[in-house]
Amino acid sequence: GPVHVNVPLREPLDPKPDQSVTDDVLKSLVAWSATDAPYTRYDAGTSEVPHGWAPPLLDRMASARNKLLIVGRLHGEEEHAAVRKLATLPGWTVYADITSGLYGPSAPAGLLQDMEHFLQNEATQPDLVLHLGGAYTSKRLLTQMADWNAPYIHVSASEQRLDPNHQVTQHLTVGIASFCQWLLDN
């Protein structure tokens, strides 16, 4: 009879017709290659947003028109409460992954729990991505983000690199609750 074997394999199993690096992939590197800066900046880890990071981070957020807030895995009620407050800021599209714990009756109003319509609409393509917390599980979002050429800021209390597409341009190792409060205050 049939046999089911549960083995983690990469997708797709069949090779793509052209495995060479394309111009589309290199487009995102053009601006970066003209500088001496590293592709992703990491801070040393702190309980507050480093003072040197604050002005450029706030400027970048203020100038962005289509801002996407991705909420990954959160830990504890303090983080959940802080992100619920932050999700009410105007001008942000907020997607909470299933791992965030922001589903159900306590979910903030206007929260995207299904990204399909957002991802299919080119007019909503973000020009800034802010990812709070741990990893998210949406494979469709991960695939779509590879096509976006937007600054990607990841804020997490962990120094663990969660960047399979190598798109994170800034990684802040800071507590989620303190970052959310800092952003609300500024």
Side-chain angles (χ1 to χ4, degrees), residues 24-35 37-43 46 48-72 74 79 82-97 100 102 107-136 138 140-157 161-186:
D24 292 339
V25 173
L26 295 175
K27 266 194 260 183
S28 67
L29 301 176
V30 172
W32 165 74
S33 65
T35 70
Y39 189 76
T40 303
R41 291 181 44 201
Y42 284 84
D43 72 297
T46 179
E48 296 179 4
V49 175
H51 293 292
W53 285 60
L57 193 59
L58 291 172
D59 289 346
R60 183 174 273 178
M61 288 182 186
S63 66
R65 291 185 330 245
N66 293 328
K67 298 176 272 200
L68 174 62
L69 173 61
I70 300 172
V71 184
L74 297 177
E79 287 185 1
V83 171
R84 275 189 213 101
K85 273 192 219 172
L86 187 65
T88 62
L89 281 179
W92 287 87
T93 300
V94 183
Y95 167 67
D97 190 68
S100 70
L102 291 179
L111 184 77
L112 289 177
Q113 295 181 1
D114 178 14
M115 286 289 287
E116 284 307 310
H117 296 298
F118 178 82
L119 294 174
Q120 292 172 358
N121 186 352
E122 287 186 24
T124 61
Q125 179 174 329
D127 52 4
L128 176 72
V129 177
L130 175 62
H131 174 184
L132 299 179
Y136 56 87
S138 174
R140 174 93 163 89
L141 177 59
L142 181 66
T143 303
Q144 185 68 39
M145 283 183 47
D147 295 336
W148 295 337
N149 190 19
Y152 186 129
I153 302 163
H154 183 210
V155 179
S156 174
R161 183 183 177 116
L162 300 172
D163 188 16
N165 285 349
H166 305 287
Q167 290 182 278
V168 172
T169 53
Q170 289 183 315
H171 180 93
L172 286 170
T173 306
V174 64
I176 300 296
S178 60
F179 177 82
C180 290
Q181 190 58 53
W182 173 82
L183 197 53
L184 289 166
D185 291 344
N186 289 291

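Side chains are part of it too, since the values below use all heavy atoms of this structure and drop only hydrogens, waters and symmetry mates.
- Counting all heavy atoms, side chain and backbone alike, Pro126 lies closest to Ala150 at O-CB, 3.4 Å.
- Closest heavy-atom contact between Gly175 and Ala157: CA-CB, 4.3 Å.
- At least one side-chain heavy atom of Phe179 sits under 4.5 Å from a side-chain heavy atom of Leu130.
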Go through Leu132 and Leu69 one step at a time and tell me if the side chain to side chain contact (heavy atoms under 4.5 Å, CB included) criterion holds. CA-CA 7 Å; Leu132 299 179; Leu69 173 61; 3.6 Å; yes
Derivation and outcome, side chain to side chain contact (heavy atoms under 4.5 Å, CB included), residues Leu142 and Ser138: CA-CA 6 Å; Leu142 181 66; Ser138 174; over 6 Å; no
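- Counting only distance, with no hydrogens or angles, the side chain of Asn66 and the backbone of Asp127 share no donor-acceptor pair below 3.5 Å.
- Note that the OH atom of Tyr95 and the CG atom of Leu141 stand 6.5 Å from one another [nearest 0.5 Å].
- Looking at Trp148 and Leu68, their side chains come closer than 4.5 Å, going by heavy atoms from C-beta outward.
- The line from NZ of Lys67 to OG1 of Thr93 is 10.0 Å long, rounded to the nearest 0.5 Å.
- Using a 30° and 60° split on the angle between ring planes, His154 and Tyr152 fall in the perpendicular class, above 60°.
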Please determine whether side chain to side chain contact (heavy atoms under 4.5 Å, CB included) holds for the pair Leu183 and Leu58, giving the CA-CA distance in whole Å, both sets of side-chain angles, and the decisive distance to 0.1 Å. CA-CA 8 Å; Leu183 197 53; Leu58 291 172; 4.1 Å; yes
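- Once rounded to the nearest 0.5 Å, the distance linking NE2 of His131 with OG of Ser156 reads 7.5 Å.
- Checked against side chain to side chain donor-acceptor pair (under 3.5 Å), Asp185 has the following partners two or more places apart in sequence or in another chain: Gln181.
- Separation of atoms CG (Asn186) and CG (Leu57) is listed at 9.5 Å; rounding is to 0.5 Å.
- In this structure, CG on Leu74 lies 9.0 Å from CZ on Arg84, to the nearest 0.5 angstrom.
- Listed by chain and number, the residues in a side-chain contact (heavy atoms from CB on, under 4.5 Å) with Thr88 amount to none (sequence neighbours excluded).
- Gln125 is linked by a side chain to side chain donor-acceptor pair (under 3.5 Å) to nothing, counting only residues two or more places apart in sequence or in another chain.
- Side chains of Val83 and Ser100 form no contact here, defined as non-hydrogen atoms less than 4.5 Å apart.
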I would like to know whether Gln167 and Val129 meet side chain to side chain contact (heavy atoms under 4.5 Å, CB included); could you show each step before the answer? CA-CA 10 Å; Gln167 290 182 278; Val129 177; over 6 Å; no
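- Side-chain contact between Arg60 and Thr169: present, with at least one pair of heavy atoms (C-beta onward) separated by less than 4.5 Å.
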